[in-house]
Amino acid sequence: MLPLKLIQEQPEWVIERLKIKNFDANDLIPKIISLDNQRKSIQQQLDELLAELNRISKEIGQLYQQGKTGEANRAKERTTELKDQSRLLKEQHTRLENDLQTHLIQLPNIPDESVPPGHSAEENQEVRTGGIIPDSISGLLPHWELAKQYQLIDFDLGSKLTGAGFPVYQQQGAHLQRALINFFLDEGIRAGYREIQPPIVVNEDSAFATGQLPDKEGQMYHLDVDDLYLIPTAEVPVTNIFRNEILMADQLPVKYIAYTPCFRREAGSWGSHVRGLNRLHQFDKVEIVQVRHPDNSYQGLDEMVNYVESLVKKLELPYRIMRLCGGDLSFTSALTYDFEVYSAGQGRWLEVSSVSNFEDFQANRLKLRFKEQNEKRTKLAHTLNGSALALPRIVAALLENFQTQDGINLPEALKPYTGFDRIIS
RNA sequence: GGAGAGGUGGCCGAGUGGUUGAAGGCGCACGCCUGGAAAGCGUGUAUUCCGGGUGAACUGGAAUCGAGGGUUCGAAUCCCUCUCUCUCCGCCA
């Protein structure tokens with residue numbers, strides 16, 4: 001949610017900047033400004049009325065204490081009209097506030113200056129690449145074949161238990177999952193992140209605060225009886241830790257890392273290119289979240305990008321880092337870098353991480369503020385997050401890139417975690 | 001799941017209809033005191049919204065005592081709904 005103040009003060013600039021995201025705010029911005037102005041004016045009237053009522057009430061109290069019952073009763077009569085008026089204004093006020101809110105949450109975040117214009121992933125900018133793409137030897141298998149051959153993942157069994165998109169990992173496949181989770185967490189802790197294990201179901205307030213509701217309701221699994229949602233990412237519970245919080249500036253930056261399963265309905269997004277591990281309803285992910293001072297949030301973003309890069313390097317995977325163009329940028333993000341690893345068996349790039357700075361957009365909705373040491377007023381903090389990393393596609397890339405005729409090798413960094421050097425049948 | 005108790009400011013804790021945004025204490029900040037420190041004394045110490053003021057200091061008003069409604073001229077205090085916590089019993093990994 002964009003801060004109202006910004007919209008009031010620089011409406012033209014906001015409209016202009018949102019064009020980068022291919023968002024037309026020409027109708028929305030004037031509407032919001034008008035609603036806000038109406039709200040202010042109503043509130044002024046209401047405040048004056050309430051002030052008058054408060055004054056009279058005090059007076060009545062004093063009159064009663066002095067035993068002047070007659071005068072007190074006369075004063076009471078004066079309040080009835082004021083009360084009716086205030087009730088009316090109050091109704092108007094809440095209506096305007098709700099109306100304002102519903103319009104306000106339709107505005108996406110303003111993209112950072114460095115975000116290139118564009119409509120699709122085609123126009124994303126390659127920032128840098130690393131690793132070596134294996135020579136296209138014929139006969140490289142996709143991971144779903146390898147998973148079957150080495151009995152690492154049973155997709156059909158998952159279908160039996162739950163449905164498509166819920167694979168069963170087994171034996172060395174299951175072990176590899178566990179190894180990756182531990183590897184990612186340990187690396188994160190060494191990099192200064194604090195590990196937490198949040199709940200993987202959240203309430204409506206949390207889902208709203210991070211923007212899953214009301215728009216992406218269909219993307220989440222909902223537990224009807226208890227009105228709770230399965231999290232689509234650890235970002236939801238972890239970021240909500242800070243909902244309605246005021247931090248001290250010297251507490252910043254805050255850095256959290258969390259492993260959770262993630263659940264996504266992915267309604268209507270199935271097709272031939274989502275075979276195997278490419279897109280699942282349930283998957284594991286380690287997420288990093290930072291809360292930062294606005295002055296250095298982009299420093300934090302760079303730090304996170306470098307950190308994620310260190311992970312894919314240690315996993316010896318060929319990768320590229322993309323700066324997302326306006327059209328590909330998420331609703332809440334100001335600047336996002338995607339990490340893609342090359343999956344040799346499929347001959348395509350797979351997105352394994354998305355690292356974003358939300359600036360104060362998310363904080364505004366969360367009411368996450370901080371206070372400078374000697375200042376009274378609070379300011380919105382900046383929030384950032386990134387996957388570090390999402391497991392399934394990493395597993396896919398590892399299997400495909402490290403496959404040999406008689407087994408699948410592992411990157412050195414992982415061997416202490418798996419306890420085996422290579423996967424064999 | 002059954003029964004009971006309770007949610008007040010950073011923390012503890014008073015407060016059952018009238019200058020109570022809220023006593024008192026602790027903590028914290030600043031000042032005085034001191035050679036320095038402790039103790040002591042003094043002052044200050046929530047958030048949001050609207051307005052005045054230079055987007056500072058300061059200042060006027062409104063709202064907030066778990067959340068939302070209601071009664072009343074007036075509610076932290078009374079009523080209703082929801083929610084969370086604690087205790088006992090039951091069940092259970």
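Residue numbering restarts at 1 for every chain, and letters A, B, ... go by the order of the sequence lines. Keep in mind it's a predicted model, so treat the numbers as computed, not measured.
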P-based separation of rC50(B) from rA56(B) [nearest Å]:
14 Å
Once you round it to whole Å, what is the distance between P of rG69(B) and CD of E91(A)?
12 Å
On RNA chain B, compare the nucleotides closest to L50(A) and T80(A); which residue's is nearer the 5' end?
L50(A)
Check whether any side-chain nitrogen or oxygen of N54(A) sits under 4.0 Å from OP1 or OP2 of rG61(B), and answer yes or no.
no
Rounded off to whole Å, could you give me the NZ-to-P distance for the K76(A) and rG74(B) pair?
9 Å
What integer number of Å spans the P atoms of rU54(B) and rC41(B)?
42 Å
P atoms of rU71(B) and rU77(B), separation to the nearest Å
15 Å
Quick one: look up who rA3(B) pairs with, Watson-Crick or G-U, both distances under 3.5 Å, and put none if it's unpaired.
rU87(B)
How about P142(A) and E400(A): do any of their side-chain heavy atoms sit closer than 4.5 Å?
yes
Begin from the C-alpha positions of L152(A) and L146(A) and carry the test side-chain contact (heavy atoms from CB on, under 4.5 Å) through to its verdict.
CA-CA 8 Å; L152(A) 304 174; L146(A) 295 163; 5.7 Å; no
Going by distance alone, is a donor N or O of one side chain under 3.5 Å from an acceptor N or O of the other, for E359(A) and N109(A)?
no
Of A51(A) and Y64(A), the one whose closest nucleotide on RNA chain B sits nearer the 5' end is Y64(A)
Rounded to the nearest angstrom, tell me the gap between atom NZ in K371(A) and atom C1' in rA29(B).
12 Å
Can you check the D84(A) CG to rC73(B) P distance for me, whole Å?
12 Å
Set out, in order, the CA-CA distance, both residues' side-chain angles and the distance that settles salt bridge (Lys or Arg N to Asp or Glu O under 4.0 Å) for K148(A) and E145(A), then state yes or no.
CA-CA 5 Å; K148(A) 193 168 205 166; E145(A) 300 284 353; over 6 Å; no
Taking the six-membered ring for Trp, are F361(A) and F331(A) parallel (under 30°), tilted (30 to 60°) or perpendicular (over 60°)?
perpendicular
Measure the shortest side-chain to side-chain distance between P253(A) and H293(A) over non-hydrogen atoms and say whether it is less than 4.5 angstrom.
no
Under 3.5 Å for both donor-acceptor distances, Watson-Crick or wobble: does rA93(B) have a partner, and if so which one?
none
Would you call the rings of Y221(A) and H281(A) parallel, tilted or perpendicular, where under 30° means parallel and over 60° means perpendicular?
perpendicular
CZ of R87(A) versus C1' of rC73(B): gap in Å, rounded?
13 Å
What is the pairing partner of rG40(B), taking Watson-Crick or G-U wobble pairs with both distances under 3.5 Å in any strand?
rC32(B)
State the pairing partner of rA75(B); accept Watson-Crick or G-U wobble contacts with both distances under 3.5 Å, and report none otherwise.
none
Rounding to an integer number of Å, can you tell me how far K90(A) NZ sits from rU64(B) C1'?
11 Å
Which of Y256(A), Y307(A), Y259(A) passes ring-ring contact (aromatic ring centres under 6.0 Å, His included) with Y193(A)? Answer is Y307(A)
Complement of rG68(B), any strand, by Watson-Crick or G-U distances under 3.5 angstrom
rC80(B)
When rounded to the nearest Å, what value does the distance between P atoms of rA3(B) and rU8(B) take?
25 Å
Could you give the distance separating rG74(B) and rG24(B) at their P atoms, to the nearest angstrom?
29 Å
Of rA46(B), rG74(B), rG55(B), the nucleotide closest to the side chain of E9(A) is rG55(B)
Complementary nucleotide for rG53(B) - Watson-Crick or wobble, under 3.5 Å:
none
Does any nucleotide pair with rC11(B) by Watson-Crick or G-U wobble geometry, both distances under 3.5 Å, and what is it?
rG25(B)
Can you tell if the side chain of R279(A) reaches within under 4.5 Å of the side chain of R393(A), non-hydrogen atoms only?
yes
What nucleic acid atoms does T79(A) come within less than 4.0 Å of, heavy atoms only: base, sugar-phosphate, or nothing?
sugar-phosphate
rG10(B) and rC73(B): how far apart are their P atoms, nearest whole angstrom?
34 Å
Take atom C1' in rU45(B) and the same atom in rC11(B), then report the distance between them in whole Å.
14 Å
Atom-pair distance (CE on M248(A); C1' on rA46(B)), nearest Å:
11 Å
P atoms of rA93(B) and rG7(B), separation to the nearest Å:
35 Å
Over how many whole Å does the gap from K367(A) atom NZ to rA46(B) atom C1' extend?
16 Å
If you restrict it to nitrogen or oxygen atoms, what contacts under 3.5 Å exist between nucleotides 48-51 of chain B and the protein, and what is each distance?
| unit_1 | atom_1 | unit_2 | atom_2 | d |
| --- | --- | --- | --- | --- |
| rU48(B) | OP1 | R369(A) | NH1 | 3.4 |
| rU48(B) | OP1 | T378(A) | OG1 | 2.4 |
| rC49(B) | O3' | R39(A) | NH2 | 2.9 |
| rC49(B) | O2' | Q43(A) | OE1 | 2.4 |
| rC49(B) | O2' | Q43(A) | NE2 | 3.0 |
| rC49(B) | O2 | Q43(A) | NE2 | 3.1 |
| rC50(B) | OP1 | R39(A) | NH2 | 3.2 |
| rC50(B) | O2' | Q44(A) | NE2 | 3.3 |

